[in-house]
Amino acid sequence: MSLLADFLQTLLDTLHDVAPIAIIIAVFQFMVIRRPVANLKQVLIGFVYVVIGLALFLLGLERALFPLGRVMAMQLTDPAFLFDGVAQLSGVIHWAEYHWVYLFAFTIGFSTTIAEPSLMAVAIKANQVSGGSVGVWGLRVSVAIGVAIGIALGAWRIVTGYPIHYFIIVGYIIVVVQTLFAPKMIVPLAYDSGGVTTSTVTVPLVAALGLGLAETVPGRNVLIDGFGLIAFASLFPIMSVMAYAQLSEFRARRAKRNRTGSG
Amino acid sequence: MGAGLRAFAGALVSSSRDLLPVVLVVMFFQLVVLQQPIPNLFELIIGLLLVVTGLTFFISGLEMALFPIGESLAHALARKGSLAWLMVFSFALGFGTTVAEPALIAVADEAAAVASADGAIGPTAQARNAYADGLRLTVAFSVGFAIMLGVVRILKGWPMHWLIAGGYVLVVTITFFAPDEIVGIAYDSGGVTTSTITVPLVTALGVGLASSIRGRSPLVDGFGLIALASLTPMIFVMLYGMAIQ
């Protein structure tokens, strides 16, 4: 019975989330554009699908995966696990002791990005408008690899305690240099992939990992070090998507050269 | 009806495939690394079924409602030819969808609690609420501004990379002047602003706008709104931190 109550609560939350959007659209549709919506019935059914789907999705995550993931993040960063119950002799912990944390960060970053609904939406749209030249799976996998690297590196940064803005500034420089060489058509899409990766699935798990790390690593401040993982997760997909486009362009060019060379 | 049912079954299969990696990762760490049993296996299976069903509904609703409505609004506003209304609409969309965003509310409250514990603001609940509300309004305003700027960019055909590079320069410059405590929150606030419903709608708006203006390519000009919406909150939140200090 609590399942039903939880579902209604999540549904209410989702409706609350959709309400401002629905109101803005309705106001503009009826007061500014003043024309009836095409296929109104279909659009309304679609909205109901979106709300119910999102509510079920969030409810399932909250019941099944998030509790387990949060406990896992806490356990993996717990000194008792890291040092097999042996009290460490000095206060200094070598960053390599946290290898399971980095692997967890990498794999959870990759797998949650694959399941991210807003990335699916952008990939579907990009595939449509590019006439199929931007593949849905190619885009999703390259974004997921970017998020995985970003979160693993972000976890390493929390452990070592290097200031976040050095990483971000170097990342920006790489993005700007890549922009000069990447195929023009991919650039705006790559920038967008940075923003879409971090919504419903990734944020709760990644935030738990970051806060868990900042609380248990000696000398870390939760405010300065705990946040910042999400920023890494938004920066690295930009690089990986541009790299993916550069790689496919390079391969296409080489294939063409081989063909003309042999024929 | 048989075709519809088959399409639904196909969507279910692809949703399950999307979810499989997360399940494998969690299982591996629980069973192999932490060496603990799975608690509440039954609950877990129910939860996963809900996630898969939800994802299937969401993706169908996307194609039926969010994409068409975003594009038809973009076409209608472009045909109307009123730049002012287009800007009001894009600002309202960005501001309205962000100010009530649960992820943002959570991050703002968290940030206020930590700032209060650190002594950056007063220890009272009132001070914390004021700080969190200020943060939320700042982020919502900056997202509204970003969508508006992005729409103007599509109309004028400005190259995306100039805006992004300019934004980066601003972010980096302000970072040196902003208080350390706000930097992490500012960088993260860029990521939490774009919700699962906003992203498809804003993407459809950009693509629809770019395809209804002659000489614009939907791929090159239509994307980029979300990137701006992730960039401007960093700038404005750091400015907020400097103003509060």
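If you're wondering where the values come from, they're calculated on a predicted model, not measured in any experiment. To find a chain, count down the sequence lines: A is the first, B the second, and so on, and within it residues start at 1. Every heavy atom of this structure was used, including side-chain atoms; hydrogens, water molecules and symmetry mates were not.
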Result block: side-chain N/O donor-acceptor pairs under 3.5 angstrom for residues 123-132 of chain A, not counting sequence neighbours:
from, atom 1, to, atom 2, distance (Å)
A:K125, NZ, A:Q128, OE1, 3.3
A:K125, NZ, B:E71, OE2, 2.4
A:N127, ND2, A:V134, O, 2.8
A:S130, OG, A:A126, O, 2.8
A:S130, OG, A:N127, O, 3.4
A:S130, OG, A:S133, N, 3.4
A:S130, OG, A:V134, N, 3.0

Check: Does the A:D192 side chain pair with the main chain of B:G224, one donor and one acceptor, at a distance under 3.5 Å?
Finding: yes
Check: For B:V25, is it the side chain, the backbone, both, or neither that has a heavy atom closer than 4.5 Å to a heavy atom of chain A?
Finding: side chain
Next item on the list: Specify whether B:Y168 and A:Y172 have parallel, tilted or perpendicular ring planes, treating 30° as the upper limit for parallel and 60° as the lower limit for perpendicular.
Entry: parallel
Item checked: Under 4.5 Å from any heavy atom of chain A - which part of B:Q30 -> both
Check: At a heavy-atom separation under 4.5 Å, does B:V183 approach chain A through its side chain, its backbone, both, or neither?
Finding: side chain
Next item on the list: Return the minimal non-hydrogen interatomic distance between B:F176 and A:I169, and the atom names on each side.
Entry: CZ-CD1, 4.2 Å
Note to self: Heavy-atom cut-off 4.5 Å, strictly under: side chain, backbone, both or neither for B:V220 against chain A?
What the structure shows: both
What pairs of donor and acceptor atoms, side-chain ones from residues 44-66 of chain B against any protein atom, are under 3.5 angstrom apart with sequence neighbours left out?
from, atom 1, to, atom 2, distance (Å)
B:T53, OG1, B:L49, O, 2.6
B:T56, OG1, B:S15, OG, 3.0
B:T56, OG1, B:V52, O, 2.8
B:S60, OG, B:T56, O, 2.7

Checklist line | Check: B:Y187 and A:F232 side chains under 4.5 Å, non-hydrogen atoms | finding: no
Notebook entry, point to check: For A:Q29 and B:L73, what are the C-alpha separation, side-chain angles and deciding distance, and is it a side chain to side chain contact (heavy atoms under 4.5 Å, CB included)?
Noted result: CA-CA 7 Å; A:Q29 192 72 48; B:L73 267 172; 3.7 Å; yes
Note to self: Testing the basics here: between A:P20 and B:G96, what is the closest heavy-atom pair and its distance to 0.1 Å?
What the structure shows: CB-O, 3.4 Å
Notebook entry, point to check: Which atom pair, heavy atoms only, marks the closest approach of A:A115 to B:V22?
Noted result: CB-CG2, 4.2 Å
Checklist line | B:F95 versus chain A, the contacting section by heavy-atom distance below 4.5 Å | finding: neither
